Amino acid sequence: MHPTKFTREEYQFAIVVLGQFNPAIIQPAWLVSKGWIGETEGSKAKNLIVHAELARMDFESIGIEVTQERFLLKTTQEPYFPILRDFAINIFETLIETPIKAVGLNSIMHYKFENQKARDEFVWFVQPRPTWSKVLKDPRILKAEMVDRRVQGRPGHLRVSLEVSELLRENGCKFALNDHYDISSSTGLAAKELVSILREECDRNIQEHSRLIGDLWNLFYPDNQGT
Amino acid sequence: MLNTDNEQIIDSHQSPINDKILAWVSNKVQADAIEQGDSTIPGGLAKFPADARIVESLFIHPTENTDSSIRFKAKQNWVGSVQKVEDTGIEVRFKDATTGGSDELAELEWDDINPDDRNLVRLGAIVYCSVGRMIRNGQVHNMQVIRLRRLASWTERDVDGIADEAEARMRSMGLE
């Protein structure tokens with residue numbers, strides 16, 4: 001018998017940029033002075049580290065972690081997704097000379113099933129068990145991952161992984177989707193290309209990521225009652 | 001292969017004192033201390049002076065992340081623009097961010113707007129609104145989150161760039 005419930009309990013979004021960065025300049029005071037973070041929010045930064053090799057801070061709306069090779073912006077609350085995107089646009093419109101190699105738009109979604117049995121049925125539907133049962137005694141899925149090369153539009157790929165949710169261990173699944181874009185422009189233009197990607201792809205990707213999980217559920221259980 | 005996924009994201013539900021960060025800080029302090037140590041001391045570790053200097057460049061606020069268990073399940077998200085600004089509040093024309101649909105006019109009181117965002121209110125300013133359930137430490141609250149868009153302020157270089165582009169376009173259209 002098919003389960004009847006499939007609900008999203010949490011959605012996190014992260015933008016990861018690869019390139020060469022100067023972590024030391026990413027400080028709450030600088031972000032406030034630019035107007036990208038409000039004064040009150042800026043003054044309440046938590047988990048704050050600023051150093052030449054690493055900058056890390058958490059604000060009410062977003063979290064930042066910057067090393068010399070990687071710039072990560074994340075939020076764990078859906079209302080702040082557009083705030084995160086705007087923030088990234090602001091940063092890279094200002095740091096326009098930054099050498100950038102790639103950007104990833106990441107959705108992390110935790111879905112809850114009616115019970116563990118329903119979760120397991122769904123997972124075995126996505127990754128069929130019979131093949132592994134022929135070579136293993138008691139196969140279990142730790143993590144399933146697929147890559148889909150983007151054939152139209154900007155170069156890159158989509159990675160989708162499925163594993164047990166650390167938030168909902170008994171009856172939850174975590175889906176992680178990484179929309180990766182290669183950036184080939186020369187230094188002076190790379191940040192501009194990044195900003196275009198953020199402007200044009202962010203919202204669309206967020207919608208596509210949700211739709212993809214919905215489609216997967218619909219394949220398993222055509223009379224969709226997921227939320 | 002370049003990796004832009006979220007594997008290194010620190011999960012909001014883990015301990016806010018992240019092991020990776022602490023390990024990095026600890027290694028960094030130790031490595032720098034050794035590097036700057038007095039070589040006349042056996043082992044070359046002048047721990048205290050070097051530590052003090054390094055710690056000065058690392059400002060670490062003790063972590064008290066009480067928000068680590070906040071989750072927000074959005075039911076609906078809107079994007080709008082400010083149509084009217086009055087003493088009592090503002091009028092915003094919203095559109096459903098997911099489904100589109102018809103525009104809706106909403107009146108927001110000043111108290112509905114985050115104090116940090118009030119100075120961003122002006123005609124045409126972009127407003128994001130989400131309605132849903134906030135789950136904080138196991139307690140569920142119906143919530144509305146309203147935030148205004150923050151845009152990079154324009155620099156002299158931006159303005160010059162736009163002026164140059166406009167000039168070039170005028171030239172290409174023979175309107176000089």
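On a predicted model such as this, the values are computed, not experimentally measured, just so you know. Reckoned from all heavy atoms, side chains included, excluding hydrogens, waters and symmetry mates. A, B, ... follow the sequence lines: proteins, then strands. Residue 1 opens every chain.
Residues R147(B) and I83(A) come closest through the heavy atom pair CB-CD1, 3.5 Å. The minimum heavy-atom distance linking W36(A) with R150(B) is given by the pair O-CD, 3.2 Å.
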Original post:
Taking it one step at a time, do R85(A) and R149(B) satisfy side chain to side chain contact (heavy atoms under 4.5 Å, CB included)?
Top reply: CA-CA 10 Å; R85(A) 179 206 54 206; R149(B) 185 180 203 176; 4.2 Å; yes

Original post:
Given T76(A) and R71(B), is the side chain to side chain contact (heavy atoms under 4.5 Å, CB included) satisfied, shown in steps?
Top reply: CA-CA 7 Å; T76(A) 57; R71(B) 287 150 61 191; over 6 Å; no

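Other residues, nucleotides and ligands contribute only 12 or fewer heavy atoms inside 6.0 Å of the NZ atom of K44(A). Heavy atoms of other residues, nucleotides or ligands lying less than 6.0 angstrom from CD of E107(B) number 12 at most. For E91(B), the CD atom sits in a packed shell: over 12 heavy atoms of surrounding residues, nucleotides or ligands are nearer than 6.0 Å.
Between the CD atom in E9(A) and the CD1 atom in I135(B) there is a gap of 6.5 Å [rounded to 0.5 Å]. Taking CD of E60(A) as the start and CG of N114(B) as the end, the distance is 6.5 Å to the nearest 0.5 Å.
Interface remark: Q207(A) contributes side-chain atoms only to the contact with chain B (heavy atom separation under 4.5 Å). In this structure, the portion of L148(B) lying under 4.5 Å from any heavy atom of chain A is its backbone and not its side chain. Using a 4.5 Å cut-off between heavy atoms, F81(A) makes no contact with chain B at all. Looking at I37(A), only its backbone comes within 4.5 Å of chain B, counting heavy atoms on both sides.
Among M143(B), K73(B), R133(B), M134(B), the residue with the largest count of heavy-atom pairs under 4.5 Å with chain A is K73(B).
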